[in-house]
Amino acid sequence: MMQSQQPYTGQIFQPTQAYTPVTSQPLYGNSFEDEPPLLEELGINFDHIWQKTLTVLHPLKVADGSIMNETDLAGPMVFCLAFGATLLLAGKIQFGYVYGISAIGCLGMFCLLNLMSMTGVSFGCVASVLGYCLLPMILLSSFAVIFSLQGMIGIILTAGIIGWCSFSASKIFISALAMEGQQLLVAYPCALLYGVFALISVF
Amino acid sequence: MHPAGLAAAAAGTPRLPSKRRIPVSQPGMADPHQLFDDTSSAQNRGYGAQRAPGSLGYPAASTLPQAAFLADPMSNMAMAYGSSLAAQGKELVDKNIDRFIPVTKLKYYFAVDTLYVGKKLGLLFFPYLHQDWEVQYQQDTPVAPRFDVNAPDLYIPAMAFITYVLVAGLALGTQDRFSPDLLGLQASSALAWLTLEVLAILLSLYLVTVNTDLTTIDLVAFLGYKYVGMIGGILMGLLFGKIGYYVVLGWCCVSIFVFMIRTLRLKILAEAAAEGVPVRGARNQLRMYLTMAVAATQPLLMYWLTFHLVR
């Protein structure tokens, strides 16, 4: 049963669609030498991860809508762990808060984007984008290790990094979902989410 | 005899491409009483890259030992059944979610763009110069908020509510009274007041037997606009103390009062009143009082929900 509007999901390393069952040999053969490499099996494509990281780090670079074709959760997982690790270096053991807030934030953004856009999104895509844009927040929490962020410089730095994160996230969302004239509207809830992360880093 | 194939094919969507399946039937079965073919000793067949069931989307190619495990037709069928179950479950949720949450109706309220939000926020803080408060219609359906600044939307109330909860947490944090469960307490009390308001207004609309096209979601949208003023008040209170709080809150209270009167007048009162003709008659008087009562509760609630946050 086909639905008229398919939610947008990623596809990576799909097996060739044209295959005849039963009689043909499977794609990756029987023997050990013909197996796919481990990273390809796991779906971790370092080149794509690097491209997406670069897109996040250059806030003014125009994002390519097709880079979000793969729902890649490996990169965001690494970034979440790195964020928790930098918090740990500052003496705050708050992995639980990080995971909880990410989950609630991803769920909220998922509902909002599904309601606001013409095509829907999948949860994996939302989680992936939000996870990648957490990268500048890791910079912030590593600053927090060195000097306290509760002065005026800290406030300005925090505001700048929250703006950077939410701008990148909204840029990727609107290019992937083709939403026009709504960048600020998408950036605002992202800013709220990253603001909560920043609160954890600062206080 | 490919029960696994049938099940998966029936539930297959483009997102779950056809899986590779190990052929279950083998020519020349050894034991006629055996329910399933014994393929454990058969040569290994690689599975190839295949899509894992569910929404993760990681290909899981199996190596030799896994192929032997998955060659077992029982687990093979179980896996196909499990994946078809997941797909069916998802379809069930998608079909039935419309019964509890009217998703398509909600989408109308989120069809906004930045220009609309900017103009609406300006209207919420300064509604005095705006002349035409009528919502434009297009063949009997109201125009999307994107195209008409008078149409209600749910983006602003939703964002304002979440921002209010976070700003309340911030305010409590600066007074050293913060703890995470207080945040939940604030959120649930604000939500409870909103629900109470909506129910009270719906009840009074019913009692006054007003013929209006004001839907519940419209009402929630209108009642959610006061959170914008509340946020402004709290922020000013944080920056400039009690004086700033009272000044900004007073200004926002008056603005929201005027805004609500002008908006609800068109919805609740009869067409005659909407065109500016003076209101006469007992029925219209009652409706006018109702509108004024609704508009008057807004400032009261704005004060009630924020005064304990600013010291």
Side-chain angles (χ1 to χ4, degrees), chain A residues 1-3 6-7 9-17 19 21-32 34-36 38 40-44 70-74 97 108 111-118 122-124 179-189 192 195-196 199 203, chain B residues 2 5 10-11 13-15 17-23 25 43-52 55-64 67 90-91 94-95 101 103 106-118 146 154-156 158-159 162-163 165-166 169-170 173 178 180:
Chain A
M1 186 192 312
M2 300 273 272
Q3 293 171 323
Q6 293 289 342
T9 55
Q11 293 198 35
I12 182 172
F13 300 129
Q14 288 306 303
T16 50
Q17 295 296 322
Y19 84 103
V22 178
T23 51
S24 72
Q25 285 298 324
L27 190 61
Y28 284 117
N30 307 325
S31 60
F32 182 66
D34 289 344
E35 278 180 10
L38 180 64
E40 194 178 311
E41 278 188 44
L42 292 174
I44 300 177
E70 305 111 21
T71 301
D72 164 31
L73 287 177
Y97 275 125
C111 295
L112 187 71
L113 284 177
N114 265 327
L115 286 170
M116 274 178 75
S117 66
M118 293 293 126
S122 74
F123 185 75
M179 299 159 63
E180 333 119 5
Q182 289 177 327
Q183 179 160 8
L184 275 182
L185 299 187
V186 175
Y188 182 69
L192 287 181
V196 178
L199 269 178
F203 294 112
Chain B
H2 287 274
T13 66
R15 284 189 294 116
S18 39
K19 300 197 213 301
R20 298 186 178 285
R21 239 165 318 285
I22 296 173
S25 58
Q43 67 222 40
N44 291 307
R45 297 168 187 75
Y47 232 60
Q50 87 174 353
R51 188 81 177 256
S55 59
L56 262 190
Y58 287 123
S62 63
T63 55
L64 248 46
K90 186 163 194 332
E91 280 174 32
D94 282 339
K95 263 194 296 190
I101 307 175
V103 177
L106 280 181
K107 275 202 168 191
Y108 162 81
Y109 291 98
F110 281 93
V112 292
D113 64 351
T114 318
L115 213 58
Y116 167 84
V117 171
R146 209 181 249 261
L154 275 180
Y155 176 84
I156 295 180
M159 290 297 118
I162 299 178
T163 313
V165 173
L166 292 178
L170 191 69
F178 179 75

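So that the names make sense, note that chain A is the first sequence line, chain B the second, and so on, each numbered from 1.
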Reported CD-to-CZ distance for the pair Glu180(A) and Arg146(B), which is rounded to 0.5 angstrom: 6.0 Å
Leu199(A) CG to Leu166(B) CG distance, which is reported to the nearest 0.5 Å: 8.0 Å
Neighbour count above 12 (heavy atom, 6.0 Å) for Tyr188(A) OH: yes
Met159(B) to Leu112(A) - nearest heavy-atom pair and separation: CE-CD2, 3.9 Å
Side-chain touch Tyr155(B)/Pro189(A), heavy atoms, less than 4.5 angstrom: yes
Exercise: identify the closest heavy-atom pair between Thr114(B) and Leu185(A): N-CD1, 3.8 Å
